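Please read the structure below before turning to the comments.
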Amino acid sequence: MSKGIVELLRKQFVVPLREAAKIIQHNTAKDNGYFPRIRGVLITAARMNELKHGELVGSDDLGNKYYENNRYFYGRNRWVDYSQDTFAKKWEFNASQVPAEWHRWLHYMTDDPPTKVPPTPRPFAMKHKATTTGTDDCYVPYSTTRPKIESWKPPQ
């Protein structure tokens, strides 16, 4: 009887505390600044709206890291931690920063990550580049027609 109660208490208290410790350890800030454990957890919570821990599967040329933990629900057990090299990269990220071979793995098109089974090199394939829409480097076409309204120029 008491063995069942001890097992119940272990499942109710010890296992969640171990999971919380793994989450804190996984999300520790990697730069040796002030309070890296708490700061890393708070930054991850602010960036991703959730705290997870998992096994590092691999990384890509852009500095993104890919994780997997099969204890989470299917569809939520693979994720990407975008590069945090600069302050802008830490807070401004989007899905176009994921290369095609990692996109296949993240979206369950294949079970083997590109670290285990590298993609077949194609002569027409270009090196992956994230979209520049909304940045200063975006493409802006010029107009060949005269404007219907001319802008006002102050008198000199």
Side-chain angles (χ1 to χ4, degrees), residues 15-154:
V15 173
L17 288 175
R18 283 186 189 155
E19 291 292 316
K22 287 179 185 177
I23 287 172
I24 290 173
Q25 182 180 10
H26 177 81
N27 293 307
T28 300
K30 306 303 184 255
D31 59 355
N32 298 316
Y34 298 111
F35 308 109
R37 288 182 189 242
I38 296 296
R39 188 168 41 89
V41 170
L42 293 176
I43 287 173
T44 303
R47 287 178 76 219
M48 300 177 67
N49 294 332
E50 63 184 344
L51 298 173
K52 290 183 175 182
H53 70 89
E55 178 184 340
L56 179 65
V57 177
S59 61
D60 61 16
D61 296 338
L62 299 174
N64 302 327
K65 296 178 183 173
Y66 300 90
Y67 294 95
E68 182 175 30
N69 186 347
N70 289 327
R71 292 189 64 191
Y72 296 129
F73 291 114
Y74 182 78
R76 312 254 323 148
N77 63 341
R78 295 177 181 175
W79 69 95
V80 58
D81 190 8
Y82 294 99
S83 176
Q84 299 182 28
D85 296 341
T86 63
F87 183 80
K89 284 185 179 180
K90 185 180 288 188
W91 298 107
E92 297 175 12
F93 52 89
N94 60 36
S96 72
Q97 296 171 335
V98 175
E101 60 269 10
W102 282 105
H103 178 272
R104 288 176 45 82
W105 179 77
L106 280 173
H107 291 269
Y108 304 95
M109 294 179 194
T110 179
D111 289 332
D112 299 322
T115 53
K116 287 185 182 175
V117 180
T120 307
R122 309 278 185 195
F124 54 83
M126 297 172 57
K127 184 171 173 60
H128 179 75
K129 188 174 81 170
T131 184
T132 56
T133 303
T135 66
D136 293 337
D137 299 331
C138 69
Y139 172 74
V140 180
Y142 65 93
S143 176
T144 57
T145 61
R146 281 186 30 219
K148 294 179 182 177
I149 302 171
E150 293 186 17
S151 59
W152 176 77
K153 294 178 183 168

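Numbering starts at 1 and runs along the sequence shown. Computation of the quantities below employed the complete heavy-atom set of this structure, encompassing side-chain atoms and omitting hydrogens, waters and symmetry-equivalent molecules. A quick note: this is a predicted structure, and the numbers were derived from the prediction, not measured.
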Notebook entry, point to check: If you round to the nearest 0.5 Å, how far is OG1 of T115 from CD of E101?
Noted result: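 Here the rounded value is 11.0 Å.
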
Are any non-hydrogen side-chain atoms of [X] and [Y] less than 4.5 angstrom apart?
X: T131; Y: N94; answer: yes
X: W105; Y: V117; answer: no
X: N69; Y: W79; answer: yes

Over all heavy atoms of both residues, which pair between [X] and [Y] is shortest? Give the atoms and the distance, please.
X: Y108; Y: G75; result: OH-N, 3.2 Å
X: N64; Y: Q97; result: ND2-O, 2.8 Å
X: C138; Y: G134; result: CB-N, 4.2 Å
X: Y66; Y: P99; result: OH-CD, 3.4 Å

Check: Would D111 and R78 pass as an ion pair if we require N to O under 4.0 Å?
Finding: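 Yes, this pair counts.
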
Next item on the list: Output all residues satisfying side chain to side chain contact (heavy atoms under 4.5 Å, CB included) with N70, sequence neighbours left out; order by chain, then residue number.
Entry: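 If we apply the side chain to side chain contact (heavy atoms under 4.5 Å, CB included) test to N70, skipping adjacent residues, the hits are E68, N77.
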
Checklist line | Partner set under side chain to side chain contact (heavy atoms under 4.5 Å, CB included) for D137, not counting sequence neighbours | finding: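 Testing D137 for side chain to side chain contact (heavy atoms under 4.5 Å, CB included), a comparison that skips the adjacent residues, returns T132, T135.
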
Checklist line | Worked verdict on D60 versus H128 for side chain to side chain contact (heavy atoms under 4.5 Å, CB included) | finding: CA-CA 10 Å; D60 61 16; H128 179 75; over 6 Å; no

Notebook entry, point to check: Within the side chain of H103, is there an N or O that forms a donor-acceptor pair under 3.5 Å with the backbone of S96?
Noted result: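 A pair under 3.5 Å: no.
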
Check: Is the backbone N or O of H53 less than 3.5 Å from a side-chain atom of Y67, with the two atoms forming a donor-acceptor pair by type?
Finding: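 It does not hold such a pair.
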
Next item on the list: Using a cut-off of 6.0 Å, state whether more than 12 heavy atoms not belonging to D61 lie near its atom CG.
Entry: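 It does not: D61 CG has 12 such atoms or fewer within range.
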
Checklist line | Pairing residues for E50 by the salt bridge (charged side-chain N to carboxylate O under 4.0 Å, His left out) criterion, not counting sequence neighbours | finding: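 E50 satisfies salt bridge (charged side-chain N to carboxylate O under 4.0 Å, His left out) with K52, R76 once adjacent residues are dropped.
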
